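This report concerns only the one structure given below.
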Protein chains: 2
Amino acid sequence: MLSKKTKYGLKALTYLASQKGNTPVQISEIAQHENISQKFLESILLSLRKSGFLGSKKGKGGGYYLIKKPEEVLMTDVMRVLEGPIAMVPCVSLNFYEKCDDCPDEDACSVHTLMLKVRDSTLEVYRNNTLADLVK
Amino acid sequence: MLSKKTKYGLKALTYLASQKGNTPVQISEIAQHENISQKFLESILLSLRKSGFLGSKKGKGGGYYLIKKPEEVLMTDVMRVLEGPIAMVPCVSLNFYEKCDDCPDEDACSVHTLMLKVRDSTLEVYRNNTLADLVK
DNA sequence: CTTTTACCCTATAGATTTAATAGATTAATA
DNA sequence: TATTAATCTATTAAATCTATAGGGTAAAAG
């Protein structure tokens with residue numbers, strides 16, 4: 001299941017990408033427009049800023065804005081920040097690899113093999129989609 | 001993340017499929033061989049039986065056995081029973097569809113569109129893999 | 001210096017997952 | 001029929017994760 005964090009994060013990014021200029025948009029405006037709990041959205045936007053997707057400006061006229069062009073924002077990167085590993089099992093994860101403690105031989109593990117295929121196909125989708133594709 | 005239930009279930013099915021005959025295999029044997037908590041596995045095998053993948057035999061010489069040939073057991077079906085919906089969001093699920101309460105228009109939702117693509121690609125993997133493929 | 005807005009920290013109710021425990025039931029066999 | 005080896009059933013505990021609320025801080029602008 002996709003977490004609400006990811007869902008809200010994607011919606012917020014899309015909303016920002018659909019904006020005309022790059023002028024900051026307030027949290028409250030995004031929250032209202034996308035039906036999101038403002039407090040929750042606050043923490044999501046913060047993590048998107050810390051990971052380099054968004055910039056922010058405090059005070060009057062402040063808010064969040066995209067740092068890169070939507071075409072340059074890959075879904076692989078967004079998803080890893082919001083949702084975490086793309087793989088369904090740590091032992092097939094590229095960026096979050098971890099050995100299974102119960103499984104002696106990865107290559108002989110049926111789960112490993114299957115989940116490798118799933119990861120590859122999911123990864124291909126994310127690699128071929130940018131934030132610009134979400135706006136359409 | 002794949003739940004341990006699913007992981008263990010897949011391993012157990014694979015173990016059964018790798019057996020020579022169709023003679024019942026005891027829970028304890030599977031648990032030991034695959035490093036799984038026996039009691040937990042018990043409940044997993046039970047649900048696999050109730051959903052028509054396994055048969056069981058009580059008493060001495062009893063255990064669990066596959067009902068169909070491994071080649072006939074599709075991963076789509078197995079995964080839906082063990083893990084639940086294949087889609088990451090209910091609004092793109094074929095078998096567990098549910099409308100999002102926050103989203104007024106599905107077709108205009110960026111999350112919906114992206115997750116539809118992910119679902120399709122994942123589904124294709126599961127459709128093209130049977131239990132027989134896991135044994136190899 | 002006042003207003004506005006992002007930033008940061010903490011707490012928590014609820015759900016889900018992953019078991020552990022204890023016993024009941026069934027069936028084969030000696 | 002007594003014994004034994006299994007599956008079945010129910011309860012519940014522990015741990016983790018999710019989604020959110022509350023309250024206070026810091027900085028930018030006018």
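Lettering follows sequence order; numbering is per chain, from 1. Only a predicted model underlies this, so the values are computations on that prediction, with no experimental measurement involved.
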* **Minimum heavy-atom distance B:Ala17-B:Val135, with the two atoms named** => CB-CG2, 3.5 Å
Between N or O atoms, less than 3.5 Å apart, protein on one side and nucleotides 22-24 of chain C on the other: list the pairs.
unit_1: C:dA22; atom_1: N6; unit_2: B:Lys39; atom_2: NZ; d: 2.7
unit_1: C:dG23; atom_1: O6; unit_2: B:Lys39; atom_2: NZ; d: 3.4

* Asked: Whole-Å distance between C:dA6 C1' and A:Leu41 CG?
  -> 12 Å
* Asked: Can you name the one residue among B:Leu45, B:Ile36, B:Leu13 that meets side-chain contact (heavy atoms from CB on, under 4.5 Å) with B:Tyr8?
  -> B:Ile36
* To do: Return the value, rounded to whole Å, for the distance between atom CD1 of B:Ile44 and atom P of C:dA20.
  => 12 Å
Taking only distance into account, with no hydrogens and no angle test, what donor-acceptor pairs under 3.5 Å do side-chain atoms of residues 19-26 of chain B form with protein atoms, sequence neighbours excluded?
unit_1: B:Asn22; atom_1: ND2; unit_2: B:Leu66; atom_2: O; d: 3.1
unit_1: B:Gln26; atom_1: OE1; unit_2: B:Ser28; atom_2: OG; d: 3.3

Donor-acceptor list for residues 89-115 of chain A side chains, cut-off 3.5 Å, not counting sequence neighbours:
unit_1: A:Ser93; atom_1: OG; unit_2: A:Phe96; atom_2: N; d: 2.9
unit_1: A:Tyr97; atom_1: OH; unit_2: A:Glu106; atom_2: OE2; d: 2.5
unit_1: A:Lys99; atom_1: NZ; unit_2: A:Cys103; atom_2: O; d: 3.1
unit_1: A:Asp102; atom_1: OD1; unit_2: B:Lys7; atom_2: NZ; d: 3.0
unit_1: A:Asp102; atom_1: OD2; unit_2: B:Lys11; atom_2: NZ; d: 3.1
unit_1: A:Asp105; atom_1: OD1; unit_2: A:Asp107; atom_2: N; d: 3.2
unit_1: A:Ser110; atom_1: OG; unit_2: B:Thr14; atom_2: OG1; d: 2.9
unit_1: A:Thr113; atom_1: OG1; unit_2: A:Cys109; atom_2: O; d: 2.9

* Taking only the side-chain nitrogens and oxygens of A:Arg49, find out if one of them lies under 4.0 Å from OP1 or OP2 of C:dA6. => no
Can you check nucleotides 26-30 of chain C for protein contacts, nitrogen or oxygen pairs under 3.5 Å, and list what you find?
unit_1: C:dT26; atom_1: O4'; unit_2: B:Lys58; atom_2: NZ; d: 3.2

* Take the protein atom CD1 of A:Ile36 and the nucleotide atom C1' of D:dA19, then report the distance between them rounded to whole Å. => 13 Å
* Structure fact -> Residue set satisfying salt bridge (charged side-chain N to carboxylate O under 4.0 Å, His left out) with B:Glu42, at least two apart, ordered chain then number -> B:Lys39
* Do any pairs count as a salt bridge (charged side-chain N to carboxylate O under 4.0 Å, His left out) and have a residue in residues 70-96 of chain B, sequence neighbours left out, and if so which ones? -> none
* Side-chain touch B:Val125/B:Asn129, heavy atoms, less than 4.5 angstrom -> yes
* Asked: Taking only residues at least two apart or on different chains, which pairs with a member in residues 122-133 of chain B satisfy salt bridge (charged side-chain N to carboxylate O under 4.0 Å, His left out)?
  -> B:Asp133-B:Lys136
* To do: Check whether any side-chain nitrogen or oxygen of B:Ser56 sits under 4.0 Å from OP1 or OP2 of D:dC8, and answer yes or no.
  => yes
* DNA chain D: 5'-proximal contact among A:Gln38 and B:Val25 (nearest heavy atom) -> B:Val25
* Not counting sequence neighbours, which residues clear side-chain hydrogen bond (donor to acceptor under 3.5 Å, both in side chains) with B:Glu29? List them please. => B:Tyr15
* Using a heavy-atom cut-off of under 4.0 Å over every strand shown, decide if B:Leu45 touches base, sugar-phosphate, or nothing. => nothing
* Taking atom P of C:dA15 as reference, at what distance in whole Å does atom CE of A:Met1 sit? -> 14 Å
* Side-chain contact test, heavy atoms from C-beta onward, threshold under 4.5 Å: evaluate it for B:Leu134 versus B:Met75 and give yes or no. => yes
Show me the protein contacts with nucleotides 17-19 of chain C, counting only N or O atoms at under 3.5 Å.
unit_1: C:dT18; atom_1: OP1; unit_2: B:Lys4; atom_2: N; d: 2.9
unit_1: C:dT18; atom_1: OP2; unit_2: B:Lys4; atom_2: N; d: 3.4
unit_1: C:dA19; atom_1: OP2; unit_2: B:Tyr8; atom_2: OH; d: 3.3

* Looking only at atom types and distance, does a side-chain atom of A:Thr6 sit under 3.5 Å from a main-chain N or O of A:Leu2, one as donor and one as acceptor? -> no
* Structure fact -> Interatomic distance, CG@A:Leu131 vs NZ@A:Lys69, rounded to 0.5 Å, equals 13.5 Å
* Figure out the CG/P separation between B:Leu16 and D:dT7, and round it to whole Å. => 11 Å
Under 3.5 Å, which donor-acceptor pairs link side chains of residues 51-65 of chain B to any protein atom two or more places apart or in another chain?
unit_1: B:Ser51; atom_1: OG; unit_2: B:Ser47; atom_2: O; d: 2.6
unit_1: B:Ser51; atom_1: OG; unit_2: B:Leu48; atom_2: O; d: 3.4

* Atom CG of A:Leu46 to atom P of D:dA26: distance rounded to whole Å? -> 16 Å
* Structure fact -> Rounded to whole Å, the CD-P distance (B:Glu29 to D:dA6) equals 10 Å
* To do: Check each residue of residues 75-106 of chain B for a non-hydrogen atom within less than 4.0 Å of any atom in DNA chain C, then write out the ones that pass by number, or none.
  => none
* Asked: Which part of the nucleic acid, if any, lies within reach of A:Lys50 when heavy atoms closer than 4.0 Å are counted: base, sugar-phosphate only, or nothing?
  -> sugar-phosphate
* Name all residues meeting the side-chain hydrogen bond (donor to acceptor under 3.5 Å, both in side chains) criterion together with A:Lys5; count only those two or more places apart in sequence or in a different chain, and write none if there are none. => none
